Structures are given as structure tokens and as C-alpha cells.
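Here the structure is a predicted model, which is why all the values come from computation and not from measurement. Proteins get letters first, then strands, A, B, ... in listed order; numbering begins at 1 in each.
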Protein chains: 2
Amino acid sequence: MASIKDVAKLSEVSVATVSRVLNDKGYVSEDTRKKVEQAIAELNYRPNEVARSLFKKQSKTIGLIVPDITNPYFPELAKAVEDTAMKLGYTMILCNSDEDIEKEQRYLDILLQKYVDGIIVFSNTLSMDQIRKLNIPIVSIDREISKDLPTIVVNNKKGAKLASSFLREKGCKRIAHLRGPYGIVNADERYAGYMDVVAEEEWFHEGYIVNGDYDMHSSIEATTELLRLHPEIDGIFAASDTMAIGAIKAVHKLGMKVPEDISIIGFNGIRLSEATTPELTTIVQPIYELGETALTMLVKLIEQQPMEEIFYKLDVHLVEREST
Amino acid sequence: MASIKDVAKLSEVSVATVSRVLNDKGYVSEDTRKKVEQAIAELNYRPNEVARSLFKKQSKTIGLIVPDITNPYFPELAKAVEDTAMKLGYTMILCNSDEDIEKEQRYLDILLQKYVDGIIVFSNTLSMDQIRKLNIPIVSIDREISKDLPTIVVNNKKGAKLASSFLREKGCKRIAHLRGPYGIVNADERYAGYMDVVAEEEWFHEGYIVNGDYDMHSSIEATTELLRLHPEIDGIFAASDTMAIGAIKAVHKLGMKVPEDISIIGFNGIRLSEATTPELTTIVQPIYELGETALTMLVKLIEQQPMEEIFYKLDVHLVEREST
DNA sequence: TTGAAAGCGTTACCAG
DNA sequence: CTGGTAACGCTTTCAA
């Protein structure tokens, strides 16, 4: 690949001048600019980003850390981040933490060594202490790690209330909750929203809450057991679409029908929720907007542009399909 | 961040010596090594990868270009590549071409500028000419762009034959094919495999082949139309799982049942195929192995290690579930 | 309006 | 065994 020296030689000026036309900085006469531009075209020259990074101490690259790209929620998020990054001139390094603290830490180290300009984290384990040590712009998605940290979340509790009340309005008399893992904030919030709606009902019973671990297979088991113990249940609010799909499968295996015998509602609004039979009623998150906003914030942070907001709570809404 | 100079200063040796212990190269006395290592620990020093890249003209980074990370096939592939990359000390930049030639070219440019060491491409449009110009190691997945290019594909034709014969064995008398886009190699190959099995049947009819464009919604329409014109059809081989899911939905909407009235078989073996009702019988590809092998090849190329094979055709197998 | 030169953090060559 | 130094490709300051 041609270097700036080659361009300088061909256009008979110094590298300093070439650099000036490259960056549109400082004085360059119209004549020399033309010469240089021609040389650039002729050599098909592209500035070496690595050298630039070394000097500028920034790389026009950002990192995105997600727990599991294989979970259909994250590709949609990653695409949003990447799209927006591309538009703003940044490249994205994708990191799968596999929900493993060590792997997450290793990635953080690597990203720092590579001089990424900022990182978007989707993490349940990272502490504000660790983040501060990183000493580069960070944006957190889906979890409020600290008031100081730019964060974007979704209104989980409201969504959960929406879901639970909707089931009630649909005529469900006994509504169960298939919750996500204990200690995971969004799972706890969704649980809280459910409780807000049902706790005062005279039929309510602790046994109506089971843990599906945000996983399809666990949730098949959990649902099967739930319905064995409480055959009176006629509505299930699952804290994720994946778990809702598991619940549908379990119900089918027990010889019952969705929505005739049991209504099921999910959470997230991944595209997968349109692929099932019956199609899933669900609380949809604005996943694309989530990623887009996160990246936009991050870039503002990086480029030290003023930020109006350091905290966004995006709204969710209910999409009714066939499972209720 | 501390630099090599800081380490040199603290341990009272030259940067050259520090570099030697860092890279375990050349002679260093046990004593000085200890001193240096201590200083490194004390300063929590990590070598700057950007400076290293600049000097070595390589970055321990690879690019992965895929058409659409939102299509469930690709996250599984990306994870395999990333996992393996991490193990071998490489970082992955994920690029979504959106099947857009220009965007693909733009990414290629960016990756070159960033000195990535190699690229894995999953592309239907790239030509060998363009690839040669890149002048860095490239591995192609799923498409044979040229005999000279390290490539890894899957036995599409065999899989298609497997699928078609399986439907016949299951007792289907009229087997249709929901094919992928014309001109896309793997779609054409799967079509060819289907033809191999059915072309000689006296019932065979050109109208049994319709295009679902590798998309769920198109395939719902295509299937609906297909069954309207040919109500005698009792088996469908879809060239992708996504299309198979569309077909299932179409069949349901027409008031028929899978598999009682119509058997449906897919292709790819994405995890999604287990989430449907009924669960999908499908030809599964070893997606993880595909990504793993591709990355291993790429790294061999990069590090100039000997390669036994420059071309892999991985086998597929049939997994029977509920849709047949 | 232009060029020379220092410096970004490394590595590798050559002397000692 | 160790240190000095050029070089990687670029940007920026300072002088001219």
C-alpha cells in the first residue's frame, strides 16, 4: 500500500503538505492541493489508520460487549449499533462475554490495548469501579450501574404491568409469571411489574411464580411443572419471548391449546416472536432505537460534544398477536 | 496508560531490554528479567497494540463480513469465528454487508486501512479480481469463488437429495420445492439436489418449484399460491429453515395440518428450528465447525503455517423432528 | 503557503 | 547480555 511519502514524492511536495490536504487543515494553495489530490487518486492512496491511531490516541473503533450473540435479541441490537457506527465513521468490534466475568475482563483489556475510543456494555456483572478504571467513554445498555454512567434502559416495569393487566382484561383468572434469573435487574423489574398488578388479587399465590432462567429449555420444564401443580392457571406472562416460546411448547405437549386454554404473553419483541405458531403477543422493546441511541451517546462522549441527556428510559408497547 | 519507557525507567534498563522480556526474544539475564517483570506488574503495564501493529504491519485482528447478522444463521457462525479467534489471540471486527455491494466494498477498504490480518467473507457478489487486489489472506465461506481461494462449503446438493428422498420415503407423493433466490449458489445447488431426486418422477411438474427468496414473508405468499394451484402437494422441501417456517404458517392459515396433511423439511439447522410448533425436521449444517475451520485456515494463512487442505466440503445430516 | 523535524509506542538491528 | 537508534506512517509545531 502506498504511503504518504509516496504521495509526497509523486506530487513533489512535503509530507506535511499532503497531510494538510488530507485533513483539510492549515493553508494549502489551490494549485498544490490539485497536484496532491491527483497523486492520491493515481496511487489509490488511503491513509493508514493504524499510524493515525498511534498519533491521535484514538482509533475510530468502538467495542460492543454482549452476553451472547446467539440469543436473538442481540443481533438486532448489534445491527443497530453497527449501522449507526458506520454512519458516524466508526467500526465495531463485537465481543461475546458468554456471561463469563473473566472473559468480559479479558475483552475489556484487549479493547483498551487496541485504543478503542469507547465501549458499549451490556453486562450484569460489571461494577462502576471497574468501569472507572478503564478511563474511556462507556455507555451501559439495559442496566443502571451508576447514576454517573451514561445509560439507556427500557421501561421494564411498565411493560410487565402492561402485560399482566392485558391478560386480566382478556379474561384470565389465574395469571402466572415465568420470570428471568434472580439478581438480573431487568428480570427483577419485570417481576415487580407483575406483582404490582396481581399481588392484591385474592387468587394470588407465590407458587404462580417460577423461574425460567431466560432459556427455552428451562422454561419448558418450569411451565410443565407449574401447570401440573396449578392446573387452574389460564394465563402466563413470560419475562422473555424465548421463555414464552418454551411455555407454548410445554402447553402443547400437555395437550392444551394456546390461546384457547391458556393465554401467553412474552417480552422483548424479537423477530422470532412472529415466527411461532401461534404468533406471540408480546411487549416490544424498541431494540433498534436502543442501539442507535447508545451509540449516538457514546460518540458524543468520545467527541466531547454536549449531551442533553445522560439517561434514557425508552418506552415499550404491547403488540397483540395470536397467543392471547 | 503506562508505556514501555515508563517500565524501562522504573526497572532501570533500556526499552530494548523491556521489549525483549515482553516478547521473550534474545538474551536477558534472569536478574534483569525479574526486575522488568516487577516493574510491569507495578505499573500494570500492557503493551500498546496500535504501536505494535504499526511496526509489524499486522494487528491480530480479523474481519468477518456477513450479509445480515439479523438472519439467525449468522450469529451462530459469528460466535464460532469469534470463539476460535479469541482462543488464537485474534479479535474480530464484524461487518454487515446488508447484501449491498457498495457497503461491502467500503468495509473491505476500512479493514485494509486498519491493517486487519485477514478476512473471512460470506459473499455472493465478490469476485476473485477484487479479492486479489486486497492482497491479504482471505477465506471464503459457503461459496467457491475460485479454485485458488481457501474455501469452506457445505454439501448442499447432498443435503437437498437427503431431504427430498426422505420426504418420498415418508410417503409423500407430490413433493414441491421452495427454493432460494436464483443465482445464489447454495440455492441453485439445493435446487439441483431436489431435481436429481424428483425430475424423473411421472408426477413431476415445473410448477412445483417456487421461489421463497430465503425470506419468511415471501415464503408464506409463495406457499399459499403454490397450494392454491396445486392442492395435491403433500410434501415441501424448503431450502432454508426460515422459509420452512413460513411454509408452516401458510399451511396453518389454509386450515391444513403439518405433518398430517403436508410434510415440511427445512435446511440449515439453526436453533430456531427447534422453537417452532411443530418442531422442524431439517438438514443441519455444522455451523460451528464451519466458522471454526474457516478461522483456523485463515490464521494458518496469516501465520504462514503449512496447510493440508485449501478446500473443505463439510457434511450435512438430517434431523427428524415433528414436521414430517 | 510550505517544509523540516519531533513524537506517538513499539520492535529489531548493530555495537559494545 | 545490554543499550542506542532507526524505522513503522502519520500529524503538528515551528520557522522560514
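- Ser123(A) and Glu104(A) share a side-chain donor-acceptor pair at under 3.5 Å.
- No side-chain donor-acceptor contact under 3.5 Å links Thr32(B) to the backbone of Val28(B).
- A salt bridge is absent between Asp83(A) and Lys87(A): the closest approach of a Lys/Arg side-chain nitrogen to an acidic carboxylate oxygen does not fall below 4.0 angstrom.
- Side-chain N/O atoms of Ser14(B) include none lying less than 4.0 angstrom from OP1 or OP2 on dG4(D).
- The two residues Val18(B) and Val13(B) have their closest heavy-atom pair at CG2-CG2, 3.8 Å.
- As a whole-Å value, the separation of Leu43(B) CG from dG9(C) P is 14 Å.
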Anything under 3.5 Å between a donor and an acceptor, one on a side chain of residues 89-96 of chain A, the other on a protein residue two or more places apart or in another chain? List them.
residue	atom	partner	partner atom	Å
Tyr90(A)	OH	Glu303(A)	OE2	2.8
Asn96(A)	OD1	Ile69(A)	N	3.0
Asn96(A)	ND2	Glu82(B)	OE1	3.2

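- One finds no side-chain N or O of Ser29(A) lying less than 4.0 angstrom from the OP1 or OP2 phosphate oxygen of dT1(C).
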Using a 4.0 Å heavy-atom cut-off, write out nucleotides 6-16 of chain D from 5' to 3' as B (base contacted by protein), S (sugar-phosphate only) or - (no contact).
-BBBSBBB---
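- For Glu12(A) and dT1(C), the CD to C1' distance is 17 Å, given to the nearest whole Å.
- Backbone-only engagement by Thr32(B) is indicated by non-hydrogen atom pairs under 4.0 Å involving sugar-phosphate atoms exclusively.
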Steps toward salt bridge (Lys or Arg N to Asp or Glu O under 4.0 Å) verdict (Lys114(B), Asp109(B))
CA-CA 9 Å; Lys114(B) 298 219 184 227; Asp109(B) 279 354; over 6 Å; no
